[in-house]
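By convention in this document, chain letters (A, B, ...) are assigned in the order of the sequence lines, proteins followed by strands, and residues within each chain are numbered from 1. Because the structure is predicted, anything quoted here is derived from the model rather than measured.
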Number of protein chains: 2
Amino acid sequence: MAQGPTITTIAARAGVSIASVSRVLNGLPTREDTIRKVMAAADELGYVPNAAARSLKSNRTYQVAFAMADIGNPTYVAMVREIQPVLKAAGYRLVLHSTDGDVDDELDVLRRLGERYADGLIISPLRGFAQQHLDLLAGAPAPVVVIGSVPQDTPVDNVRTDSRTGVRLALEHLYGLGRRSIGFLNGPLDTIPGAARAAAYTDALAALGLPYDPDLVEVGDFYRAAGARAAHRLLERSRPDALLCANDLIALGALDALREERLRVPEDVALVGMDDTELATAAWPTLTSVSLGSAERGRRAAELLLDRLEDGAAAPRIVTVEPTLVVRASTEGAS
Amino acid sequence: MAQGPTITTIAARAGVSIASVSRVLNGLPTREDTIRKVMAAADELGYVPNAAARSLKSNRTYQVAFAMADIGNPTYVAMVREIQPVLKAAGYRLVLHSTDGDVDDELDVLRRLGERYADGLIISPLRGFAQQHLDLLAGAPAPVVVIGSVPQDTPVDNVRTDSRTGVRLALEHLYGLGRRSIGFLNGPLDTIPGAARAAAYTDALAALGLPYDPDLVEVGDFYRAAGARAAHRLLERSRPDALLCANDLIALGALDALREERLRVPEDVALVGMDDTELATAAWPTLTSVSLGSAERGRRAAELLLDRLEDGAAAPRIVTVEPTLVVRASTEGAS
DNA sequence: TTGTAAGCGTTATCAT
DNA sequence: ATGATAACGCTTACAA
């Protein structure tokens with residue numbers, strides 16, 4: 001915990017000015033002899049440049065923030081896992097914010113960007129930005145990349161996925177297996193994914209010519225225990241031959257519930273999760289799941305942000321990651 | 001992305017000196033009237049203090065770094081999940097480093113603390129610090145808390161667990177179930193947990209009066225696929241009636257392998273994982289697992305660091321988290 | 001090529 | 001109570 005040397009210390013030790021030290025350290029043209037003296041002094045003293053001083057001067061922190069609802073959720077873990085190495089390779093540190101899906105927290109993250117502790121922000125809002133806060137997004141003090149959808153014309157880089165198509169893929173798959181009574185276990189409707197998936201479910205049913213039956217729909221939360229409770233509630237009043245779950249955690253909970261009710265998966269009830277997390281292959285039977293490309297979305301978001309940091313003036317970009325259906329035992333029986 | 005206002009801007013707007021602005025902003029005694037003017041100006045301009053300037057002056061970043069091998073590993077996720085809210089509550093940001101278990105990366109994290117981008121570091125080294133690097137730890141430019149064991153007398157705060165006891169609990173449990181041929185699937189021996197668990201396994205066997213049979217031991221890596229391969233190798237040359245796995249990922253892989261070999265769990269082979277991650281309850285049968293208190297270790301580490309940041313002079317503390325055995329279906333049959 | 005000095009946005013000391 | 005000013009550690013004109 002020794003007090004570290006500064007360029008002043010080195011300058012004294014090497015017998016040159018601080019300007020020369022700075023030049024050598026930054027590789028600017030300098031006399032061979034001076035370089036040697038400075039390097040020697042720096043080495044001996046174990047010099048390390050001070051980040052605060054550097055960023056005060058350069059207006060660059062070489063930090064990027066990532067904000068999401070819950071680092072315990074495998075979806076976000078997948079994102080972080082991709083974001084981290086991309087940033088690291090580019091010389092950026094990663095600052096992690098967990099907002100618990102709280103709108104105020106999310107807005108706070110946005111506002112505190114004004115402290116300039118980070119050069120940019122990747123945010124995956126769960127509750128989303130109400131209309132009145134869009135200007136906060138647009139006028140953010142640093143570049144922001146949003147993972148998830150933002151309203152048309154919001155001038156920020158954006159990585160989205162098409163959950164509508166994802167849900168459709170799932171329902172078509174189940175329909176193709178002969179299932180006609182397809183239930184849906186959703187997360188809160190006031191969340192962005194919750195709302196999107198609810199709409200997508202209704203639409204996909206219609207496209208398949210299936211009736212919408214409110215008894216087949218339950219809203220809970222994006223957690224396993226909530227998923228189990230929702231499944232129990234649903235099973236109390238109807239007997240679906242398939243269940244679509246708004247994420248893998250819910251699906252895992254549904255699996256618990258189905259097991260308790262002695263219903264076989266997939267024979268009695270076919271089960272589909274969403275997000276295709278590692279939990280899908282840990283479960284038994286392994287879970288068919290709609291991949292929304294979390295890892296790829298994370299990576300693309302990091303890349304977009306780095307691009308933006310190099311060229312702040314470029315037009316906002318929207319990247320769309322296509323969903324895919326990963327079929328496993330929970331709908332097809334074989335392992 | 002507007003250029004933010006500084007205290008200079010505010011001072012001009014309010015018609016006072018920057019010193020007064022600073023005082024008001026920091027709640028130092030000031031005339032009512034001045035306070036009003038400054039606050040008004042600050043509000044109108046949407047002032048946010050600059051983090052770099054502040055930390056240059058105060059030598060405080062209000063950031064804490066956490067370095068571990070792989071954010072994809074549920075053990076570390078559990079730690080981050082606990083560390084984050086503790087830091088947040090104390091007004092600190094979290095900087096995340098993923099080292100891939102690379103020794104150089106770990107040492108680099110330690111060295112770069114000298115940049116003073118963080119006030120302290122929590123590190124969970126996978127490969128550990130060779131003797132020659134202990135001075136780097138001892139002489140770190142900022143307080144460090146190590147999760148995992150450090151050699152006696154290393155002057156850093158330390159949160160450890162007793163994996164020896166953990167392994168013993170597992171073997172005693174298996175022994176109590178009548179298992180006598182207990183195999184062991186370990187991770188790399190040049191990692192701290194790998195080495196510790198290998199020694200613990202040998203000791204625990206001896207304590208139970210069971211012979212050590214090299215055919216019952218396989219070394220792989222801490223991943224699922226590696227666990228599956230290791231299990232296959234082991235099963236090719238011996239038929240254990242129980243398997244202890246050095247973590248839950250390996251256990252999951254072992255489960256895959258056992259299933260392929262048509263061996264029933266727990267009837268033919270009882271299976272025990274370590275770390276007690278969420279994967280243990282996602283798997284089927286659910287996994288008996290040795291909890292090493294990852295969440296608690298994370299939380300305690302964060303608390304130790306915060307304490308240290310308040311009182312840098314206090315004697316180094318060692319916190320030990322007791323392991324517990326969480327018995328589930330993979331050893332006891334019932335769900 | 002090198003040194004002097006200004007400035008990044010704060011906080012804090014010192015006069016006033 | 002307030003203002004002028006130095007200082008934090010660095011980069012970068014500008015002069016020499």
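Around atom CZ of Arg299(B), more than 12 heavy atoms belonging to other residues, nucleotides or ligands sit under 6.0 Å away.
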Audit row: Lys88(B), Asp100(A), salt bridge (charged side-chain N to carboxylate O under 4.0 Å, His left out) steps and yes/no:
CA-CA 12 Å; Lys88(B) 184 175 182 175; Asp100(A) 281 327; 5.5 Å; no

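Between the CG atom of Asn59(A) and the C1' atom of dG7(C) there is a distance of 13 Å, given to the nearest Å. Spacing between atom CD of Glu115(A) and atom C1' of dT10(C) amounts to 13 Å, rounded to whole angstrom units. For Asn50(A) and dG9(D), the CG to C1' distance is 6 Å, given to the nearest whole Å. Between the C1' atom of dG3(C) and the CZ atom of Arg31(A) lies a distance of 12 Å, rounded to the nearest Å. Remark: C1' of dA1(D) and NZ of Lys37(B) are 12 Å apart, rounded to the nearest angstrom. As a whole-Å value, the separation of Tyr62(B) OH from dT11(C) C1' is 13 Å.
In terms of modelled atom types and a separation under 3.5 Å, the side chain of Arg160(A) and the main chain of Val150(A) share a donor-acceptor contact. Here the side chain of Asp119(A) pairs no donor or acceptor atom with the backbone of Val64(A) at under 3.5 angstrom. A donor-acceptor pair is defined here as one N or O able to donate and one able to accept, closer than 3.5 Å; such a pair exists between the side chain of Thr6(A) and the backbone of Thr8(A). For the pair Arg116(A) (side chain) and Pro141(A) (backbone), a donor-acceptor distance under 3.5 Å is present.
If Pro29(B) and Leu56(B) are placed on DNA chain D by their nearest nucleotide, the residue sitting closer to the 5' end is Pro29(B).
For dG3(C), the OP1/OP2 oxygens have a side-chain nitrogen or oxygen of Ser17(A) closer than 4.0 Å.
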Letter by letter from the 5' end, nucleotides 11-16 of chain D scores (B base, S sugar-phosphate only, - none; protein heavy atoms under 4.0 Å) BBB---

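Contact annotation for Thr34(B): backbone-only contact, meaning every heavy-atom pair under 4.0 Å involves sugar-phosphate atoms and none involves a base.
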